[in-house]
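Below is one structure, written out as structure tokens; comments come after it.
Quick note on labels: first sequence line is chain A, next is B, and so on, each numbered from 1.
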2 protein chains.
Amino acid sequence: MNRNIQVTIIEDDDTIRNGYSFLIGNTEGYEVVSSYCSYESAALKIANDKPDVILLDIEMPGTNGIDAIPKLKKLLPHVYILILTVYESEKLIFEALANGAAGYLTKNTPSAKIIESIKEVKEGGGPMSINIAKMVIKSFQKNQESPLSKRETQILEQVCNGKSRSQIAKELFIDLETVRSHIKNIYVKLDVNSRADAIKTARENKLI
Amino acid sequence: MNRNIQVTIIEDDDTIRNGYSFLIGNTEGYEVVSSYCSYESAALKIANDKPDVILLDIEMPGTNGIDAIPKLKKLLPHVYILILTVYESEKLIFEALANGAAGYLTKNTPSAKIIESIKEVKEGGGPMSINIAKMVIKSFQKNQESPLSKRETQILEQVCNGKSRSQIAKELFIDLETVRSHIKNIYVKLDVNSRADAIKTARENKLI
DNA sequence: TAATTAATCACCCCATTGGGGTGATTTTTT
DNA sequence: AAAAAATCACCCCAATGGGGTGATTAATTA
């Protein structure tokens, strides 16, 4: 039979931490093995708690949640970390995910969804709040009204891959001079005059 | 008061299409305004149907779902497109999202989740199946055991941004020769000997 | 404490590149 | 018929990139 999902909570606000603790502790199949108010206090003992899932806040005194992720992963390589925070800034979300968070929920998330998400991460899923999912999906989307032509976009992509003019020419079966010409036109359209700036503008406007 | 959510289905399999049509048509607050078995047949009339949401399959005769997305968006700039498919390949998912899909569900998704997701996209959300969310989140995650040092990673990031050695040197307040040296070490560690290959390897191994 | 690893800087060489001009021809799309 | 996209050409020249070899000083780990 399945044993309870072991959960640790790291959250500096007492009220919130106790709230989650109560919610999870009183749900069939779940168990709160420990809860801490900071990364520092958790670091000392969490290796013994051996939780399956950590609910982690971002804003905390001492080490913040983002920086705590890799450290916690080092202490518990197989743990799943679920971020539970009020922050919805793109930067924080992507940093958290890049650092190894398995999911990202905002604090307005209904209890049922939190409980479900804990189970979901434990099973290898990647739960997100609706608004987070929206931002994440948006981050993939290309700008639909690019000023660049198809060929120019194609070449800009290669530039972003670090290819030299001659490498691009070979790959697209066109002359070196043609690549040159396209890049010049790209520069004019994007109002830049270097590869680095072209790449930056391309990324900012999601042209690639 | 709210009017029904107007849905169009584009799906080549008759059974599946009729199934969705029945499911959605019989749900309070939802309405199937039209359903087509291909992009081509939809293209002729969909502008008049004015759906809020399109459920779109990927594998279809003629124009496939991925390529249909931008075309549909051109016909109906404000429509939300929800991909509903059996495919779970990373490439397809990211292409679909890049092309402007608002959400991505796999066909094993329970009816209730499909219904909920239609509402969610209409409200600007980005619904995903659990397995898709997992892949999407994974795509953000950096490799935790990179062979590169912190400084090297930092420099590789700049290289990926198209910066020249001297630009990197300026930004990091170090000598040009130091940048050179770091890049040489990066090349050795990644077993490459050009910027383009370094970037490729870095991306493939999620070192950046 | 000893041994690595990381981070910093230096100078050799030289073919290639990148960016700035200016201009032209041929498809494709509108 | 007009406009936009894609192709190629040749001028100039400083800067860049990659290969070698080697050294000094932290910082980290064994």
Side-chain angles (χ1 to χ4, degrees), chain A residues 43 67 70-71 74-75 77 142-202 207-208, chain B residues 43 63 67 70-71 74-75 142-202 207-208:
Chain A
D67 296 332
K71 296 175 197 262
K74 222 168 190 177
L75 292 170
K142 264 197 196 177
N143 185 340
Q144 309 266 204
E145 63 239 2
S146 163
L148 304 181
S149 72
K150 263 191 184 169
R151 201 51 152 178
E152 285 163 355
T153 304
Q154 203 174 13
I155 284 171
L156 183 54
E157 270 164 11
Q158 301 302 312
V159 169
C160 289
N161 289 334
K163 303 274 171 70
S164 72
R165 292 172 186 165
S166 48
Q167 285 175 309
I168 298 174
K170 269 176 204 155
E171 284 191 35
L172 300 184
F173 304 106
I174 53 180
D175 195 275
L176 213 177
E177 285 302 322
T178 307
V179 176
R180 231 163 114 50
S181 172
H182 280 305
I183 292 181
K184 281 183 218 174
N185 290 331
I186 292 170
Y187 283 10
V188 171
K189 287 187 181 177
L190 301 189
D191 189 26
V192 298
N193 47 22
S194 76
R195 283 171 111 78
D197 285 341
I199 293 172
K200 195 178 166 212
T201 305
L207 304 178
I208 39 112
Chain B
T63 306
D67 296 332
K71 297 176 196 262
K74 222 168 189 176
L75 293 170
K142 265 197 196 175
N143 185 340
Q144 308 267 303
E145 62 240 2
S146 163
L148 304 181
S149 72
K150 265 191 184 170
R151 200 52 150 177
E152 285 163 355
T153 304
Q154 203 174 12
I155 285 172
L156 183 54
E157 269 164 12
Q158 301 302 311
V159 168
C160 289
N161 288 334
K163 302 273 171 69
S164 72
R165 291 173 187 165
S166 47
Q167 287 176 308
I168 298 173
K170 269 177 205 155
E171 285 192 36
L172 301 183
F173 305 106
I174 53 178
D175 195 275
L176 213 176
E177 285 302 322
T178 306
V179 176
R180 230 162 112 51
S181 172
H182 281 305
I183 291 181
K184 281 182 219 172
N185 290 331
I186 292 171
Y187 283 9
V188 171
K189 287 187 181 177
L190 301 189
D191 190 28
V192 298
N193 48 20
S194 75
R195 284 170 110 75
D197 286 340
I199 294 172
K200 196 179 165 212
T201 305
L207 304 179
I208 39 115

Any B:Leu190 side-chain heavy atom under 4.5 Å of B:Leu148 side chain: yes
Nearest-angstrom distance from the residue atom CG of A:Asn185 to C1' of D:dC8: 13 Å
Letter per nucleotide, 5' to 3', of nucleotides 19-30 of chain C [B base touched, S only sugar-phosphate touched, - untouched; heavy atoms, 4.0 Å]: BBBB--------
Integer-rounded Å distance: C:dA6 C1' and B:Glu152 CD: 8 Å
Nearest-Å distance for atom pair CD1/P, residues A:Ile168 and C:dT17: 11 Å
B:Gln154 CD to C:dA6 P, straight-line distance once rounded to whole Å: 15 Å
Nearest-nucleotide comparison on DNA chain C, the residue closer to the 5′ end among A:Gln167 and B:Leu176: B:Leu176
Exam field: side chain A:Asp175 to backbone A:Glu177, donor-acceptor pair closer than 3.5 Å: yes
Selected nucleotide, minimal atom distance to A:Ser149 side chain, candidates D:dA9, C:dC9, D:dA5: D:dA5
Whole angstrom value for the distance that separates P of D:dT28 from CZ of B:Arg151: 14 Å
Short side-chain N/O contact from B:His182 to OP1 or OP2 of C:dT8, under 4.0 Å: yes
Interatomic distance where CD1 belongs to A:Ile186 and P belongs to D:dA5 [whole Å]: 12 Å
Protein-nucleotide distance (A:Lys170, atom NZ; C:dT16, atom C1'), rounded to Å: 11 Å
Angle between terminal axes - the helix from C:dT1-D:dA30 to C:dT30-D:dA1, 5 pairs each end, rounded to 10°: 80°
Sugar-phosphate, base or nothing in reach of B:Ser164, heavy atoms under 4.0 Å: sugar-phosphate
A:Arg151 side chain near A:Ile174 side chain, heavy-atom distance below 4.5 Å: yes
